[in-house]
Amino acid sequence: MPKTFDFKEAESRLYRWWQDHGYFKPEVAPPDAEAYVISMPPPNVTGRLHTGHALFTTLEDLMIRYERMRGKAALWVPGSDHAGIATQLQVEKMLRDQGTSREEIGREEFLARTWEWKEKYGGEIIEQLKRMGASCDWDRLRFTLDDGLSNAVQEVFITLYEQGLIYRGPRLVNWSPGLKTAVSDLEVEREEEQGKLYFFKYPLEEGGFLPVATTRPETILGDTAVAVHPEDERYKHLIGKMALVPMLNRHIPVIGDEYVDREFGTGALKVTPGHDFNDYELSKKHNLPIVNIMNRDATINQNGGQYAGLDRFVAREKIWTDMTLAGMTIEVKDHTMVVPRSQRGGEVVEPMISTQWFLKIEPLAEKAINAVRNGDIEIVPERFEKVYYHWMENIEDWCISRQLWWGHRIPAWYGSNGEVYVGKTAPATTPNVTWTPEEDVLDTWFSSGLWPFSTLGWPEKTADLQRYYPTQMMETGYDILFFWVARMIMMGLWFTDKPPFKTVYLHGLVRDKLGRKISKTLGNVIDPLEMVEQYGADPLRFTLATGGTPGNDINLDTARVERNWRFVNKIWQMTNFVTSNLDGDLPFGAPPPSELDLPSRWIMSRLHRLVATTQRLFDTYQYGEAGRQIDDFLWSEFADWYIEISKHPLYQGNDTDKANTRRVLRTVLDTSLRLLHPFMPFVTEELWSFLPHEGEALIVAGWPQADESYFDEAAEATMVTLIDLVRGIRNVRDEYKVEPSRKISAQAESKLYASALDQYRYLFARLCNVADLQILTAGQTAAEQSAIVVAGDVTVYLPLVDFVDLAAECERLTKEKAKLIEQITKLQTTLGNEQFVSRAKPEVVERERTRLAGLQASADQLTERLNGLCP
RNA sequence: GGGCUCUUGGCUCAGUUGGUUAGAGCGCACGGUUCACAUCCGUGAGGUCAUAGGUUCGAGUCCUAUAGGGCCCA
């Protein structure tokens with residue numbers, strides 16, 4: 001095999017190979033295999049791969065590969081979203097650059113251009129997902145504007161309309177003047193900003209005035225009442241009187257309502273139902289008229305009298321100036337307030353009366369709440385269930401129409417007779433009635449909400465729908481829990497009567513290494529494609545998978561990607577070692593424990609514990625921790641110890657030793673590559689191909705099962721002692737500055753481990769250059785001028801005549817003993833506590849006792865040595 | 001205003017249902033070319049687990065409060 005991993009060459013080759021063999025298709029599993037399905041959160045069709053995509057791809061591919069290896073019919077349905085506003089904005093920008101606009105070219109031409117744009121750039125994100133190693137079934141690729149999905153959207157819309165759940169009407173909505181469309185509550189972001197609070201005099205019909213404060217003076221033009229608290233001694237006598245709208249002189253009532261906060265501003269509130277949500281509610285209660293003072297672009301309309309035509313912010317200045325001249329203003333104060341801004345455009349959103357389509361969502365929400373409550377759907381991490389309930393229980397009707405062109409056109413027609421027709425095709429022509437089609441399109445999330453079943457063919461009763469619906473896993477970011485997940489649950493239950501998925505796994509946001517949100521303006525963009533270029537997909541994937549915990553944000557440190565690139569190399573080198581030391585035909589699997597030497601029993605025990613741990617962690621969705629454990633096992637147990645130790649039997653052993661060691665090496669590596677494959681598919685597949693193996697590809701190889709017959713506590717305990725001794729000896733050598741190449745001799749005494757030491761003395765030769773180890777038997781004494789190392793009941797004497805300084809050795813040992821005594825004292829206190837012995841779990845007590853015995857043995861050794869050496 | 005979350009060595013992060021001496025990587029110091037790997041190996045320094053109480057035989061882990069960071073909803 002090559003000396004290093006050429007990931008650039010291998011990744012594309014392996015990906016093609018997998019795809020050509022149909023491994024990404026669920027049909028590779030037997031027809032009766034249990035299905036495991038993930039619907040991919042569809043990225044925006046014209047998007048470019050960012051770290052968020054990289055994260056979901058990593059996690060979902062991990063889940064899919066794992067289940068595929070477990071023999072399930074694993075299907076990952078890929079797709080992309082037309083992303084109404086986002087895409088339309090991009091195309092509009094292109095048109096601007098070309099010196100035209102969508103208004104100029106018209107709807108039909110605009111849509112044609114957008115489809116062209118989609119054809120041109122829509123494939124990019126797909127190719128980028130492939131570079132991450134995404135094992136989706138690309139034959140089942142879907143796009144939200146595909147015919148099938150559009151049909152599903154129409155079906156759903158019409159059904160909901162017929163069920164009386166969709167209605168159309170004028171209502172106060174969030175209006176984005178920049179995009180010239182309504183947006184939903186979720187698409188509005190509220191942030192605290194520095195603004196001003198304007199105090200002014202509201203003139204009363206009978207003379208005098210009522211002091212009022214507002215943050216948006218231009219809305220005075222739309223006032224239809226002034227409200228005070230009914231128990232406010234200052235103003236309550238004015239309730240029922242009339243006031244005059246400044247500059248317009250419209251007559252409006254003074255009303256009393258407990259909603260008014262007496263502490264805020266002047267304690268009197270101007271009521272603008274046409275441009276404020278709270279005022280809108282108030283107006284319904286008091287039957288106030290609603291005056292809309294703005295056009296679609298947020299300029300003032302004819303209801304604003306002399307201010308008509310002015311931009312809302314210009315009008316704000318103008319009216320204030322005019323009022324000041326008229327002596328109606330009091331003062332202006334700095335004021336921190338919450339300003340609603342459009343999630344997309346960023347401009348200030350204006351509450352405006354507008355005729356829109358709404359979905360009455362409570363009935364759907366009720367089912368969705370129950371599905372989570374009764375456990376049909378599980379949300380991981382669990383804490384998000386609370387967030388989900390809270391939102392669902394306070395859900396408001398969903399404004400589903402958008403004044404855009406790119407999207408699913410609402411299937412409605414307006415008759416000249418005032419009739420509204422909803423259906424898939426235009427209504428039949430009727431005498432004297434002309435039908436005009438609805439211009440609006442549906443909110444992007446309306447079609448996304450159908451994703452898990454629309455992608456499988458619904459409403460047609462397709463074979464895929466039968467076989468793969470409901471899906472198992474919905475893996476996505478917590479930031480779209482309401483936007484998307486909640487709506488899928490509602491739509492899924494309403495239309496298929498089944499929860500669309502069993503589990504919702506929510507991941508966090510990917511941030512930069514300092515925990516800041518990644519943004520172009522901050523200049524901290526981490527481009528996953530660049531990472532893939534530089535290090536390959538595997539290191540990036542491993543970093544994302546192991547870099548955090550479920551539901552929490554990940555601070556992506558590129559240094560970790562680099563480290564994991566080295567991990568990839570490390571595994572490569574391990575495999576190189578193993579394959580170059582294999583020889584001849586060996587039976588697959590490892591020999592039974594009884595036939596193995598101590599190091600092999602140890603590594604097999606560790607391996608199977610790792611398999612068990614990985615299983616437990618996967619079962620609880622703790623993929624990151626699993627990855628870290630596999631990493632740790634491979635590098636710091638298998639490579640650092642077992643491989644080094646194995647060189648002895650491989651080079652010096654007899655045929656049986658050699659064969660056993662080879663089989664163990666190959667088994668450990670094979671099993672580890674399987675465990676690692678969902679994390680790092682490319683390098684593991686490539687390496688597996690170099691190992692003798694059964695089966696055609698790692699991607700469809702079996703997932704390991706822990707075999708408890710390999711669990712071996714005794715072997716583990718002995719190996720830990722031997723490893724401790726090796727470390728101790730290295731340590732002493734280092735402290736006494738014994739050149740690493742210098743061979744030394746040693747003597748050891750022990751009751752418990754004498755035979756192990758005797759049998760595995762080669763460990764010390766290999767691992768710490770102890771050329772000659774003599775096991776002391778009863779009566780034999782150790783060389784005087786020596787340093788000692790203690791572990792368990794073992795004492796190793798290192799006669800370093802030229803190096804050991806008696807005083808220094810005494811000091812070293814005294815320190816070591818002090819450490820031991822400290823622990824022993826602590827343990828004795830614990831064990832001496834009757835409460836502990838009676839209340840703690842028996843195995844805990846037992847473990848502590850064993851530990852104490854070991855520590856005491858070591859301390860005894862040290863004491864004896866100190867007595868002899870240091871008077 | 002309501003809720004969630006985080007705070008562990010210089011940096012980035014782990015840490016089953018409370019139970020060994022709180023771990024890893026990066027960085028740092030020192031030392032290493034023997035046949036898998038210098039994309040490496042060995043050794044080491046570095047943490048009162050934000051603070052204060054509490055529960056418990058036992059708390060990084062559970063509870064309460066406080067401080068600071070982040071997020072969601074209103």
Under 4.0 angstrom, heavy atoms only, what part of the nucleic acid is [X] near: base, sugar-phosphate, or nothing?
X	value
Arg851(A)	base
Tyr651(A)	sugar-phosphate
Arg383(A)	sugar-phosphate
Ile643(A)	base
Lys737(A)	nothing
Glu644(A)	base
Phe384(A)	nothing
Trp565(A)	base
Gly548(A)	sugar-phosphate
Glu625(A)	sugar-phosphate
Arg616(A)	base

Worksheet item: Picking from rC71(B), rC41(B), rG32(B), which would you name as closest to the side chain of Trp635(A)?
Response: rC41(B)
Using the [atom1] atom on both, measure [N] against [M] and round to a whole Å.
N	M	atom1	answer
rG60(B)	rC49(B)	C1'	5 Å
rU55(B)	rC13(B)	P	35 Å
rC4(B)	rC41(B)	C1'	46 Å

Counting Watson-Crick and G-U wobble pairs only, both distances under 3.5 Å, name the nucleotide matched with [N], or none.
N	result
rG1(B)	rC73(B)
rU48(B)	none
rA22(B)	none

Item to complete: Measure up the Phe567(A) and Trp635(A) rings against each other and bin them: parallel (under 30°), tilted (30 to 60°), perpendicular (over 60°).
Response: parallel
